[in-house]
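When reading the values below, keep in mind they use all heavy atoms of this one structure, side chains included, and skip hydrogens, waters and symmetry mates.
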Amino acid sequence: SLRKRREFKEKSSLFQKELFRGHSKTREFPAHSAKVHSVAWSCDGRRLASGSFDKTASVFLLEKDRLVKENNYRGHGDSVDQLCWHPSNPDLFVTASGDKTIRIWDVRTTKCIATVNTKGENINICWSPDGQTIAVGNKDDVVTFIDAKTHRSKAEEQFKFEVNEISWNNDNNMFFLTNGNGCINILSYPELKPVQSINAHPSNCICIKFDPMGKYFATGSADALVSLWDVDELVCVRCFSRLDWPVRTLSFSHDGKMLASASEDHFIDIAEVETGDKLWEVQCESPTFTVAWHPKRPLLAFACDDKDGKYDSSREAGTVKLFGLPNDS
């Protein structure tokens, strides 16, 4: 049965590589007037949102093989550093900004339905899997938990370490933080009591993502390694080491089989989760800030540091890119 399993794995890996051979086209779409920090798909995969240094968010509709700009969302007084969608309502998304607010937007009315004032410049944001809470982290390492319905702060935690990315687990009963000392800190939720601290990396642990199947989570760090962890055992299952620069951004595919990771390297690594093998390399001309797999299809949205003097200064800043399109499209 082990041999059968291995053969099955090899087949699925071959299938994925074959798929990309015919679907390896990347297209770019104008989105902003400055670099894009964050991209994210709505839960139904119909829309992609992007947040930018130009203080706005943009929302696109996915139409077959292209993104069509639907709206631009203005209101923040500073850079939009991260955004995310409601986990089950495809019309709501939230943005975190350096202007000391978060804003919740509704694509049906294209309006800001709430502006929540926070204590500091916000850099990280996530929405709980049950949709009830938004957590936002700021530059002073304070994480605020905001009730998504009343828009009031429910809890606030000041940490004694540099807080990087934050995330709930899929079961909504634990809260994870990656920190500047290379640790993953795990708190119980909603009690916010320390459960465990894992020494994940020898250097700054930058990003964390949970696989949609609930089996693994992945962390990326300044030592250029991506580590894959077993959710139940909290042990490292394998490492991916094809990048040379600090890992800035991670995303699991909808079926949990692929993991995209990116950095200042001029490519995005697409790994097969179960083996660690390289499935594909998406070429980029500059460092990548953000990657996001579509929630239903093998399409990867990403954004790079477009305006880079080393390249062609006439190139558009602030584009959103889509990889996985048919080569003949």
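- For the pair Lys35 and Phe53, the cation-pi test (distance below 6.0 Å, angle within 45°) is passed.
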Going through the distances and angles, do Thr56 and His76 end up as a side chain to side chain donor-acceptor pair (under 3.5 Å)? CA-CA 7 Å; Thr56 72; His76 278 299; over 6 Å; no

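- In this structure, CG on Leu225 lies 6.0 Å from OG on Ser241, to the nearest 0.5 angstrom.
- The closest side-chain heavy-atom distance from Ser203 to Asp223 is below 4.5 Å.
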Before giving the answer on side chain to side chain donor-acceptor pair (under 3.5 Å), spell out for Ser286 and Asp305 the whole-Å C-alpha distance, their side-chain angles and the decisive distance to 0.1 Å. CA-CA 6 Å; Ser286 53; Asp305 194 357; over 6 Å; no

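- A salt bridge does not link Glu121 to Lys100: none of the charged nitrogens lies less than 4.0 Å from a carboxylate oxygen.
- Between Leu67 and Leu61, the closest side-chain pair of non-hydrogen atoms is not below 4.5 Å.
- For the pairing with Cys84, the side chain to side chain contact (heavy atoms under 4.5 Å, CB included) check across Asn124, Ile125, Ile134 returns one residue only, Ile125.
- In plain terms, the two heavy atoms of Cys207 and Thr178 that are nearest each other are O-CG2, 3.9 Å.
- No salt bridge links Asp147 with Arg152; every basic N to acidic carboxylate O contact stays at or beyond 4.0 Å.
- Salt bridge annotation for Asp81-Lys139: absent, with no cationic side-chain nitrogen under 4.0 angstrom from a carboxylate oxygen.
- Of all heavy-atom pairs between Ala292 and Ala40, the closest is CB-CA, 4.4 Å.
- For Glu272 and Lys278, the salt-bridge test fails: no basic side-chain N is under 4.0 Å from an acidic carboxylate O.
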List the steps and the verdict of ring-ring contact (aromatic ring centres under 6.0 Å, His included) for Phe302 and Phe323. CA-CA 8 Å; Phe302 64 101; Phe323 161 80; 7.5 Å; no

As a quick check of understanding, evaluate ring-ring contact (aromatic ring centres under 6.0 Å, His included) for Phe210 and Phe252, giving each step before the final call. CA-CA 7 Å; Phe210 281 78; Phe252 281 97; 8.7 Å; no

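- Here the straight-line distance linking atom NZ of Lys149 with atom CD1 of Ile146 works out to 15.0 Å at 0.5 Å rounding.
- Using a 4.5 Å cut-off between side-chain heavy atoms of Ile, Leu, Val, Met, Phe, Trp and Tyr, with links allowed through other members, Ile198 and Val231 fall into the same hydrophobic cluster.
- If you run side chain to side chain donor-acceptor pair (under 3.5 Å) between Thr133 and each of Tyr189, Trp127, Trp168, only Tyr189 comes through.
- In this structure, Arg46 does not pair ionically with Glu63, as no charged nitrogen and carboxylate oxygen lie closer than 4.0 Å.
- Here CE of Met174 is found 5.0 Å from CG of Asn169. Values are rounded to the nearest 0.5 Å.
- With hydrophobic clusters built from ILVMFWY side chains whose heavy atoms lie under 4.5 angstrom apart, Leu259 does not share a cluster with Phe217.
- In this structure, CD1 in Ile123 is found 7.5 Å from CG in Asp141, a value given to the nearest 0.5 Å.
- Here the side chain of Asn117 pairs no donor or acceptor atom with the backbone of Thr101 at under 3.5 angstrom.
- Checked for salt-bridge contact, Glu281 and Arg242 miss the test: no charged N lies under 4.0 Å from a carboxylate O.
- In summary, of the residues considered (Leu250, Ile270, Thr249, Thr288), a side chain to side chain contact (heavy atoms under 4.5 Å, CB included) with Ser261 occurs for Leu250 alone.
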